[in-house]
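In this text the structure is predicted, and so the values were computed from the model without any measurement. Both backbone and side-chain heavy atoms feed into the values below; hydrogens, waters and symmetry mates do not.
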Amino acid sequence: MKEIFKSLRTRLKEVPGINHIDMDKGQLDHYELRPSVAFPCILIDLQRPRSEDRDQRGTQQTSAVMINIRIGFDFTGETSSHTPDEKLDTSLAYYDMVELVYKKLQGWKDTGFTILSNKGERTERRPDRYKVVNLPFGSQTIKTNS
């Protein structure tokens, strides 16, 4: 998992405009405090929800890997029906950043894991002014215990 995190971090550093990339340690989950990140930020969470033996001896396993990319924005835009179009485009520019992250990861693979496949997009409902978009990806790893 360590190598997957490092590969993701390196790949996401290529996305222009991202100011902070880190492991998701709950930095955006304390609504009453200013998060300890520089916006826009990407937080990475890795999980291996299941594994299966590939051989009779159990020396090789295929594991599903779930990767959740949280993209956080300090959102101060206006989006009501009274907002002029040019201001609306500026307010919705975070969607462009989400699309850049998606394009950087969808279909990409590196040593240690198979092609990443996006599993959707979800915006968190929050009581603060921050906008957080989740991009979950699936992949697989093959581990050998020899």
Heavy-atom pair of closest approach, residues K104 and R11: O-NE, 2.9 Å
Shortest non-hydrogen separation from T83 to L88 and the atoms involved: CG2-N, 3.6 Å
From CG (L135) to NZ (K119), nearest 0.5 Å: 13.0 Å
Minimum-distance pair of heavy atoms, taken over all atoms of A38 and H20: O-CB, 3.2 Å
Heavy atoms of other groups near K2 NZ, more than 12 under 6.0 Å: no
Min side-chain heavy-atom separation L12-I69 under 4.5 Å: yes
Separation of K87 NZ from D89 CG (nearest 0.5 Å): 12.5 Å
Candidate pair Y102 and N118, rule side-chain contact (heavy atoms from CB on, under 4.5 Å), full reasoning: CA-CA 8 Å; Y102 166 84; N118 178 255; 3.6 Å; yes
Pairwise side-chain contact, I18 with M97, heavy-atom cut-off 4.5 Å (strictly under): yes
Side chain to side chain, D45 and R70, heavy atoms closer than 4.5 Å: no
Crowding at OH, Y95 (>12 non-hydrogen neighbours, <6.0 Å): no
L105 vs L8 side-chain heavy atoms within contact, under 4.5 Å: yes
More than 12 heavy atoms of other groups within 6.0 Å of M23 CE: no
Spacing of E52 atom CD and T62 atom OG1 [to the nearest 0.5 Å]: 7.0 Å
I71-L46 co-clustered via ILVMFWY side chain contacts under 4.5 Å: yes
hydrophobic_cluster_shared for F73 and V37, side chain cutoff 4.5 Å: no
Side-chain heavy-atom pair R129, D74 within 4.5 angstrom cut-off: yes
Non-hydrogen side-chain atoms of S7 and W108 separated by less than 4.5 Å: yes
Joint hydrophobic cluster, L100 plus I67, side-chain heavy atoms closer than 4.5 Å: yes
Sidechain-backbone polar pair: S139 side chain, T114 backbone, donor-acceptor under 3.5 Å: yes
Pairwise distance OG1(T141) to CE(M1) - rounded to 0.5 angstrom: 7.5 Å
Side chain to side chain, F137 and Q106, heavy atoms closer than 4.5 Å: yes
Test item: E124 side-chain N/O and V132 main-chain N/O as donor-acceptor pair under 3.5 Å: no
P136 versus G120, closest heavy-atom pair with distance: CD-O, 3.4 Å
Closest non-hydrogen atom pair between I115 and G107, with its separation: CG2-CA, 3.4 Å
Joint hydrophobic cluster, V15 plus V98, side-chain heavy atoms closer than 4.5 Å: yes
Heavy-atom side-chain proximity of L28 to F39 below 4.5 angstrom: yes
In one Ile/Leu/Val/Met/Phe/Trp/Tyr side-chain cluster, 4.5 Å: I4, I42: yes
Distance-minimising heavy-atom pair for R9 and I44: N-CD1, 4.1 Å
Parallel, tilted or perpendicular: ring planes of F75 versus Y94, cut at 30 and 60 degrees: perpendicular
Pairwise distance OG1(T111) to CD(E3) - rounded to 0.5 angstrom: 9.0 Å
